[in-house]
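Residue numbers run from 1 in the order of the sequence given. Just so you know, ligand 1 is whichever comes first in the structure, and atom 1 is the first atom listed for that ligand.
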Amino acid sequence: MLILGMESSCDETSVAVVDGETRKILSNIVASQIDVHRLYGGVVPEIASRAHIEAISNITYRALDEAGVTLADIGAVAVTANPGLIGALLVGVNFAKSLAYSRRIPLVAVNHVKAHAAAAYLTDPALEPPFLALIVSGGHTSIFEVTDHRTFNTIGCTRDDAAGEAFDKIGRVIGMPYPGGAALDKLAYEGDPNAIKLPSPALAGDNLDFSFSGIKTAALNYINAEKMKGGELKVADIAASYTHAVVDALAKKCDIALGRTGHKRMVLAGGVAANSHLRAAIEKVCKKHGATLTVPPISLCGDNAAMVAQAGYFEYAAGVFVGTELNASAND
Ligand code: KG4
Ligand code: ZN
């Protein structure tokens with residue numbers, strides 16, 4: 001059963017064709033707007049919406065072409081309906097609704113965070129719930145107990161900013177181009193992870209929650225104080241210490257979560273799952289608990305429509321369809 005997936009929640013326009021039953025990707029076209037937003041140091045929502053409008057039709061034809069199929073072969077259209085930038089989401093949702101309605105193709109709505117987790121099913125076609133999932137992206141940091149393909153119970157989450165946003169913020173301050181996450185990842189290898197003492201984003205107490213506002217402020221204060229002293233900023237030490245503190249906190253809560261729930265399967269997904277330090281740390285925690293870890297390849301960690309299509313397949317399989325009344329929502 002072929003699913004046409006569509007993603008436009010932030011700064012990537014993406015359309016993919018996926019065989020939901022076999023979890024095989026036939027095409028996955030991702031048009032990134034990063035070069036445009038980089039000029040402003042972050043995503044400009046209005047520019048994102050306009051760029052999605054310009055790209056989506058063309059990208060859809062390309063995805064069908066690359067898969068070697070036509071709309072007649074598509075069993076369902078799956079679109080990210082929430083959460084995300086509202087104007088950006090509306091472009092994908094309205095395009096998908098029009099396409100589905102005009103061609104009489106069933107339409108399913110997909111939650112972007114659940115879609116990130118679905119990248120794991122494309123990575124390991126044999127993967128089945130239950131499992132624990134750490135989803136870390138520019139907008140989300142959550143630990144879920146995934147009990148079936150569509151049921152996600154939140155057992156931990158950030159109380160304020162997301163891990164990706166925290167990486168991007170510090171990246172920008174030390175001169176990395178937007179988004180700073182990937183650049184910080186590399187730079188961290190050149191610095192001392194214990195050079196700068198930073199507060200842990202792992203909240204104290206009997207919970208699985210995070211807070212990234214404290215570490216962001218502490219790092220900014222450190223950088224400003226160093227600048228005022230007039231010395232050269234040790235950017236590699238900042239990258240290493242900051243990455244160490246963030247990764248350590250995520251790994252610590254996953255360690256507790258695996259111990260508490262007894263799950264023997266774990267999924268790490270979302271844009272920040274591309275972080276090499278985080279991948280290694282979660283792998284280590286899983287080993288400790290005798291749990292198997294599924295982490296998508298880098299190409300499926302960031303926003304893409306193949307993961308949306310796979311998540312959409314589970315909606316289709318459950319018979320959960322939507323019609324032209326579908327609206328986008330900025331919230332979870
Ligand atoms: O999932 P995603 O593409 O978009 C959202 O749903 O938010 O995640 C984007 C985030 C950005 O904050 C970016 O800096 C971060 O993922 N990211 C990384 C790495 N690659 C991308 N963060 C840390 N290390 C990386 N290697
Ligand atoms: Zn995302």
Side-chain angles (χ1 to χ4, degrees), residues 5-14 16 28 30-34 37-38 41-43 45 48 52 79-86 88-89 92 110-120 133-142 157-158 161-174 176-189 201 212 215-216 238-240 242-251 267-282 295-311 330-332:
M6 301 196 146
E7 159 63 36
S8 71
S9 67
C10 190
D11 57 353
E12 263 97 25
T13 318
S14 181
N28 189 18
V30 182
S32 174
Q33 308 171 2
I34 279 177
H37 299 296
R38 190 167 278 163
V43 177
H52 285 308
V79 64
T80 304
N82 71 301
L85 300 171
I86 190 65
L89 284 165
V110 169
N111 173 289
H112 183 80
V113 183
K114 288 184 178 179
H116 271 301
L134 171 65
I135 309 296
V136 260
S137 73
H140 290 85
T141 305
S142 297
C157 66
T158 178
D161 311 315
E165 200 269 333
F167 275 129
D168 294 344
K169 175 81 187 187
I170 295 310
R172 188 165 70 184
V173 175
I174 62 171
M176 307 281 134
Y178 173 83
L184 223 57
D185 184 351
K186 274 204 202 102
L187 189 59
Y189 285 101
F212 293 91
I215 189 173
K216 256 174 41 175
I238 297 170
Y242 196 78
T243 301
H244 175 66
V246 170
V247 166
D248 214 48
L250 294 168
V267 162
L268 168 63
V272 181
N275 188 279
S276 60
H277 310 270
L278 181 62
R279 292 165 91 95
I282 301 296
V295 194
I298 309 283
S299 59
L300 293 177
C301 286
D303 291 346
N304 69 88
M307 68 186 196
V308 176
Q310 186 59 45
N331 307 317
D332 295 354

Please report which non-hydrogen protein atom sits nearest to [atom], along with the residue it belongs to and the distance in Å to one decimal place.
atom	answer
atom 24 (N) of ligand 1	N275 ND2, 3.0 Å
atom 2 (P) of ligand 1	D303 OD1, 3.4 Å
atom 15 (C) of ligand 1	V272 CG2, 3.9 Å
atom 13 (C) of ligand 1	D168 OD1, 3.7 Å

**Q.** Passing candidate, side chain to side chain contact (heavy atoms under 4.5 Å, CB included) with T141, options V246, V136, I135
**A.**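 Considering V246, V136, I135, a side chain to side chain contact (heavy atoms under 4.5 Å, CB included) with T141 is found only for V136.
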Write the atom name of the N, O or S atom in [X] that is nearest the Zn ion (ligand 2).
X	answer
H112	NE2
H116	NE2
D303	OD1

With no hydrogens and no angle check, is any side-chain donor or acceptor of [X] less than 3.5 Å from a backbone partner on [Y]?
X	Y	result
H277	D185	yes
S14	A305	yes
Q33	A48	yes
N28	A306	yes
D161	A166	no
D168	G181	yes

Would you check whether [X] has a nitrogen or oxygen atom less than 3.5 angstrom from a nitrogen or oxygen atom of ligand 1?
X	value
S276	no
E12	no
G138	yes

Locate the shortest heavy-atom distance separating [X] from [Y]; write the atom from each residue and the value.
X	Y	answer
C301	R279	SG-NH1, 3.6 Å
A88	C10	CB-O, 4.0 Å
L268	P296	O-CD, 3.0 Å

Could you list the atoms of ligand 1 found under 4.0 angstrom from a heavy atom of [X]?
X	answer
G181	14 (O), 18 (C), 19 (C), 22 (N), 23 (C), 24 (N), 25 (C)
G302	3 (O)
P179	14 (O)
G139	7 (O)
H116	1 (O), 6 (O)
G164	12 (O)

Q.
Below 4.0 Å, non-hydrogen atoms only: which portion of D185 touches ligand 1? Side chain, backbone, both or neither.
A.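 Near ligand 1, D185 shows its side chain, while the N, CA, C and O stay back.
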Q: Give a yes/no on ligand 1: does C10 have at least one heavy atom closer than 4.0 angstrom to it?
A: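 Per 4.0 Å heavy-atom rule, C10 does not contact ligand 1.
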Q. Which of the listed options, E7, H277, H112, holds the heavy atom that is closest to atom 6 (O) of ligand 1?
A.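 Among E7, H277, H112, the closest heavy atom to atom 6 (O) of ligand 1 belongs to H112.
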Q) Counting heavy atoms only, which of G271, A166, P83, A273 is nearest atom 21 (C) of ligand 1? A)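 Checking each option, the heavy atom nearest atom 21 (C) of ligand 1 is found in G271.
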Q: Please examine the side chains of N111 and N82, heavy atoms only from C-beta on, and report whether any two atoms are closer than 4.5 Å.
A: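 They are in contact (side-chain heavy atoms under 4.5 Å apart), so the answer is yes.
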Q | side-chain contact (heavy atoms from CB on, under 4.5 Å) assessment of V30 paired with D303 | A | CA-CA 8 Å; V30 182; D303 291 346; over 6 Å; no
